[in-house]
Amino acid sequence: MKTQLLCTFVKKDQLDKIVNIIITCNEILYDKVYIFSNKEDHNQLICTYNVEYMENFQEGIIDTISLHRKKQTNTLYTINALNEVIRSKNNGVLDKSFQVEWNEYQNSLLLTNDSGLNIIKTKIHKIINVNDWEVEY
């Protein structure tokens, strides 16, 4: 089975509501939802969870994107952000064989926006075991 890492952005006061939606709308693989906080904005939380891979992923939950993760450095990233990292470190050239120094991005979320690469420093806020979570309707 191929898995897909999803990321849902949420404000701290909406966390329980969004976790309810995540658990209700998805079959969470490995029974965990990892909640990270943005080190620069403690009100912004980042929920990550694995689901079975879908070829044509359609955003089912608002503010949700598909991500990748480098386990050794706990780096979360989009492919577009990875391409921006490579370009920035390789004189503007996108070379798929370029070796990224992942330690530079330890405990970070790499995203792109209109102004380019956005690096969000993260720390673990909590880990939710979906089997212990009581879904509220």
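- Under the 4.5 Å side-chain heavy-atom criterion for Ile, Leu, Val, Met, Phe, Trp and Tyr, Val100 and Leu94 are members of the same hydrophobic cluster.
- Sorted by first and then second residue, the side chain to side chain donor-acceptor pair (under 3.5 Å) pairs involving residues 32-43 (not counting sequence neighbours) are Asn38-Gln44.
- Using a 4.5 Å heavy-atom cutoff, the side chains of Leu15 and Cys47 are in contact.
- Side-chain contact between Leu82 and Leu110 is absent, with no heavy atoms from C-beta onward closer than 4.5 Å.
- The CG atom of Asp31 lies 9.5 Å from the CG atom of Asp132; values are rounded to the nearest 0.5 Å.
- When atom types are taken as modelled, the side chain of Asn90 and the backbone of Ile86 share no donor-acceptor pair closer than 3.5 angstrom.
- In this model, a donor atom of one side chain and an acceptor atom of the other lie less than 3.5 Å apart for Ser115 and Asn113.
- No side-chain heavy atom of Val10 sits less than 4.5 Å from a side-chain heavy atom of Asp63.
- Residues Leu5 and Ile65 fall within the same hydrophobic cluster, defined by Ile, Leu, Val, Met, Phe, Trp and Tyr side chains chained together at heavy-atom separations under 4.5 Å.
- Proximity of Phe9 to Ile18: side-chain heavy atoms (C-beta onward) are nowhere separated by under 4.5 Å.
- A search for salt bridge (charged side-chain N to carboxylate O under 4.0 Å, His left out) contacts involving Arg87 returns Glu84, not counting sequence neighbours.
- Residues Ile61 and Leu6 fail the side-chain proximity criterion, which asks for heavy atoms closer than 4.5 Å.
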Check your understanding: Going through the checks in order, is the side chain to side chain donor-acceptor pair (under 3.5 Å) test met by Asp95 and Ser97?
Key -> CA-CA 5 Å; Asp95 176 358; Ser97 65; 2.7 Å; yes

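- Looking only at atom types and distance, the side chain of Thr8 has a donor-acceptor partner in the side chain of Tyr49 under 3.5 Å away.
- For Lys89, the salt bridge (charged side-chain N to carboxylate O under 4.0 Å, His left out) test picks out Glu104, with sequence neighbours left out.
- The shortest side-chain heavy-atom distance between Leu76 and Leu111 does not fall under the 4.5 Å cut-off.
- Of all non-hydrogen atoms in Thr75 and Tyr105, the two that sit nearest each other are OG1-O, 2.9 Å.
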Exercise for review: Go through Val130 and Val33 one step at a time and tell me if the side-chain contact (heavy atoms from CB on, under 4.5 Å) criterion holds.
Suggested key: CA-CA 7 Å; Val130 300; Val33 177; 3.9 Å; yes

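- The stretch residues 64-99 participates, sequence neighbours left out, in these ring pair (Phe, Tyr, Trp, His ring centres under 6.0 Å) pairs: His68-Tyr77, Tyr77-Trp102.
- Residues in residues 67-77 take part in no salt bridge (charged side-chain N to carboxylate O under 4.0 Å, His left out) pair, two or more places apart or across chains.
- Residues Glu52 and Met1 meet the side-chain proximity criterion, which asks for heavy atoms closer than 4.5 Å.
- Contact record, Leu117 with Ala81: CD1-O, 3.8 Å, taken as the closest heavy-atom pair.
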Exercise for review: Take Ile28 and Asn50, measure what side-chain contact (heavy atoms from CB on, under 4.5 Å) needs, and give me the verdict at the end.
Suggested key: CA-CA 6 Å; Ile28 307 297; Asn50 285 283; 6.0 Å; no

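- At a threshold of 4.5 Å between side-chain heavy atoms, the hydrophobic network of Ile, Leu, Val, Met, Phe, Trp and Tyr places Leu67 and Ile79 in two separate groups.
- With hydrophobic clusters built from ILVMFWY side chains whose heavy atoms lie under 4.5 angstrom apart, Leu29 does not share a cluster with Tyr53.
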Distance-only donor-acceptor pairs under 3.5 Å for side chains of residues 118-129, two or more places apart:
residue : atom : partner : partner atom : Å
Lys121  : NZ   : Ser108  : OG           : 3.3
Thr122  : OG1  : Asn107  : O            : 3.1
Asn129  : OD1  : Asn131  : N            : 2.8

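- Residue Asn20 comes nearest to Thr24 through the heavy atom pair O-OG1, 2.7 Å, listed as atom of the first residue, atom of the second, then distance.
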